[in-house]
Amino acid sequence: MNRLIQRFETLKQQNSKALVTFITAGDPDLATTETMIHVLEEAGADVIELGMPFSDPMADGPTIQLSSERALAAGTTLSRTLDTVRSVRRSSSIPIILMGYLNPIHAYGYERFCRDAVDAGVDGVLLVDMPPEESTQFLEFATTHELQVIFLLTPTSNAARIATVARLGRGFVYYVTVTGVTGARQEVSSSIEAELLRVRDSISIPVVAGFGISTPEQAASVAALADGVVVGSAIVKLFQQYTGKELEREAGNFVKSLKQALSSQLT
Amino acid sequence: MKLPDKKGHFGDFGGRYVPETLMPALLELEQAYAHYRNDREFKEEFNYYLRQYVGRPNPLYFAEKLTARLGGARIYLKREDLNHTGAHKVNNTIGQGLLAKRMGKKRVIAETGAGMHGVATATIAALFGMSCEVFMGEEDTRRQSQNVFRMRLLGATVTPVTAGTATLKDAMNEAMRNWVTTIADTFYVIGTVAGPHPYPMMVRDFQSVIGKEVKRQHKAVEGKLPDCLIACVGGGSNALGLFYPFLKDKDVRMVGVEAAGHGIETGKHAAPLCAGSPGILHGNRTYLLQDQHGQITHAHSISAGLDYPGVGPEHSWLKDTERAEYVSITDDEALEGFKALALEEGIIPALESSHAIAHVLKLAPTMAKDQSIVVCLSGRGDKDMHTVAEAMGVNF
């Protein structure tokens with residue numbers, strides 16, 4: 001069974017919430033990425049979301065924009081990112097999903113990507129600028145190769161769009177908690193509770209919420225409403241401030257604090 | 001078959017490749033436009049502003065001296081440079097502005113390269129009483145500081161964009177990011193026939209007033225259709241505005257002129273149709289400047305308005321179906337076109353339009369004297385004085 005689906009089943013049995021952590025592949029280099037995936041896993045991450053850097057990240061705020069620039073400057077490519085995943089797989093079975101924009105995959109070739117990604121040990125993919133309407137061709141190849149395609153829903157998605165994602169989405173649904181771009185925020189929207197209820201009512205696969213979650217407190221309060229949370233920019237910011245052992249320690253501690261907040265939220 | 005199809009595709013091109021947050025807004029816009037494009041009152045109001053405010057129809061001017069100098073086809077200039085605000089951009093912003101007003105939006109945003117679309121958007125925002133924010137690459141705010149000042153005089157906020165290459169594509173990224181955040185009350189006025197569906201179709205429709213007038217005006221003086229249409233192509237809105245009403249007239253040759261910058265072979269150009277490959281950027285599938293890994297590469301052109309690594313998807317379709325042909329003109333050739341029109345006709349063209357003129361200099365002499373060329377003079381050159389002076393080594 002797919003590692004991603006397996007993980008969500010296990011979490012459900014344990015009555016716990018998924019902690020999905022995002023880092024950009026190749027920021028500041030792919031060797032660091034490989035180390036940091038292990039660090040995040042040891043600190044309690046349930047799923048690794050690996051950003052595929054793109055020159056024009058139109059749905060991302062400054063933190064991930066800069067992170068993508070650092071990764072591209074270091075020569076990160078899609079095939080080298082897949083090599084990194086392959087290498088991680090020698091010693092880890094943590095679910096890994098790739099997140100990014102469609103053009104680098106278009107250039108790589110949809111079918112080749114789906115085949116190579118699964119072969120390298122990738123479990124799922126989330127393409128920010130591929131809404132269900134434009135996904136037909138890609139979904140065919142993804143289905144053939146059993147790559148889980150994750151779609152986004154947002155506060156602006158109406159019932160018809162939620163139904164479409166319920167039909168096409170695999171692995172989990174990524175619910176964007178804000179009407180905006182990625183990036184840490186002071187507060188999480190107050191209407192999110194009703195919105196998440198609405199989405200979870202119509203969708204059978206897990207719903208994970210993200211965008212703007214930057215503290216253990218926010219993570220805990222959002223996790224109470226969903227099957228898990230994604231923390232991205234708040235972790236990526238640490239890559240801007242620290243390197244080497246310091247980065248490992250800071251990111252490790254931060255993820256531990258997130259995990260603790262999610263666990264204590266259960267009691 | 002009428003293009004685009006229902007989902008905004010021109011063959012394999014176009015579409016709606018955007019984050020989920022934007023999808024509902026695009027669907028709302030599509031519905032509103034589908035309604036108003038056939039609404040008599042809307043069309044009357046659009047035509048009213050084009051006539052009374054923009055000053056349409058503008059002339060189809062016979063460039064007699066230039067024709068004589070080149071000794072070939074008769075050359076006509078479609079004088080979009082005489083529009084209010086000095087370029088064709090206003091045709092589109094009037095249309096989108098009226099649509100925004102009917103949709104109850106209080107705020108408009110826009111991206112701009114040379115600043116002409118920014119000025120045209122700031123203009124209609126003032127006219128229709130909406131607030132306006134224009135995103136402009138920091139590099140372009142320096143190259144086109146006068147247009148920045150014009151926009152501010154018109155009451156707009158100009159936000160310089162420092163991300164990426166700090167040019168038009170980055171301004172478009174930033175406008176998209178802002179739109180994602182402000183979608184409830186904001187209308188995004190895209191300035192060219194690119195972006196996600198329905199923009200390429202909608203902007204084309206608003207700009208096709210250019211070609212419709214040309215058809216009528218040319219018939220009145222020459223008694224027939226033109227033999228050839230020429231226009232510069234950045235995103236491609238003035239070209240498509242000119243071409244579109246002639247698409248079914250198979251005998252009319254259409255030539256789009258891209259910016260070859262320092263020369264195609266140097267890699268420093270802005271010619272995705274001539275030297276790029278298909279990919280996905282800014283919501284649509286189209287020809288792009290990109291590396292083998294699908295990363296968007298830097299565009300280069302002396303004219304800020306052509307300095308864009310993509311192109312409208314309908315042009316990609318016209319290229320692949322060979323209905324239109326696409327050529328490129330270097331910075332140096334464009335400057336020759338610029339000077340030729342100034343000296344022969346007393347008209348100072350925008351650097352963008354100078355690319356089209358430069359191709360006329362090559363093509364007209366190869367055509368017969370009883371043939372005609374219509375070239376779209378998409379804008380006036382006042383905004384380019386600094387750039388041209390610098391290129392000629394003149395210091396103010």
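Lettering of chains follows the sequences in order, A, B, ..., and the numbering in each one begins at 1. Predicted model only: the values in this text are computed from it and were never measured. Scope of the values below: all heavy atoms of this structure, side chains included, with no hydrogens, waters or symmetry mates.
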Among [options], who wins on heavy-atom pairs under 4.5 Å with chain B?
options	result
Gly180(A), Ala59(A), Ala107(A), Gly61(A)	Gly180(A)
Thr77(A), Thr156(A), Leu72(A)	Thr156(A)
Met130(A), His106(A), Glu69(A)	His106(A)

Option in [options] with maximal non-hydrogen atom pairs under 4.5 Å from chain A:
options	value
Glu174(B), His282(B), His9(B), Met172(B)	His9(B)
Glu20(B), His293(B), Met23(B)	Glu20(B)
Arg177(B), Arg285(B), Lys7(B)	Arg177(B)
Gln290(B), Met176(B), Lys169(B)	Lys169(B)

Please assess Ser131(B) against Arg107(B) for the test side-chain hydrogen bond (donor to acceptor under 3.5 Å, both in side chains), listing each intermediate value before the final yes or no. CA-CA 5 Å; Ser131(B) 74; Arg107(B) 175 174 177 266; 4.6 Å; no
Checking Leu281(B) against chain A: side chain, backbone, both or neither under 4.5 Å from a heavy atom? side chain
What part of Gln292(B) gets closer than 4.5 Å to chain A, counting heavy atoms only: side chain, backbone, both or neither? backbone
Part of [X] within contact of chain B (heavy atom distance under 4.5 Å):
X	answer
Tyr108(A)	neither
Asp56(A)	both
Pro132(A)	side chain
Leu152(A)	both

State whether Asp201(A) and Arg198(A) are salt-bridged, where the test is any N-O pair (Lys NZ or Arg NE/NH1/NH2 against Asp/Glu carboxylate O) under 4.0 Å. no
Presence of salt bridge, Glu133(A) and Arg161(A), under 4.0 angstrom: yes
CG on Leu288(B) to CD1 on Ile296(B), rounded to 0.5 Å: 5.0 Å
From the list Leu66(A), Thr63(A), Ile64(A), side chain to side chain contact (heavy atoms under 4.5 Å, CB included) partner of Lys237(A) resolves to Thr63(A)
Just by distance, with hydrogens left out, do Glu140(A) and Tyr110(A) show a side-chain donor and acceptor under 3.5 Å apart? no
Decide whether Asn178(B) and Thr181(B) meet the rule of one side-chain donor and one side-chain acceptor closer than 3.5 Å. no
Please determine if Arg70(A) forms a cation-pi arrangement with Phe239(A), meaning its NZ or CZ atom is less than 6.0 Å from the six-membered ring centre and no more than 45° off the ring axis. no
Which class fits the ring pair His262(B) and His300(B): parallel under 30°, tilted 30 to 60°, perpendicular over 60°? parallel
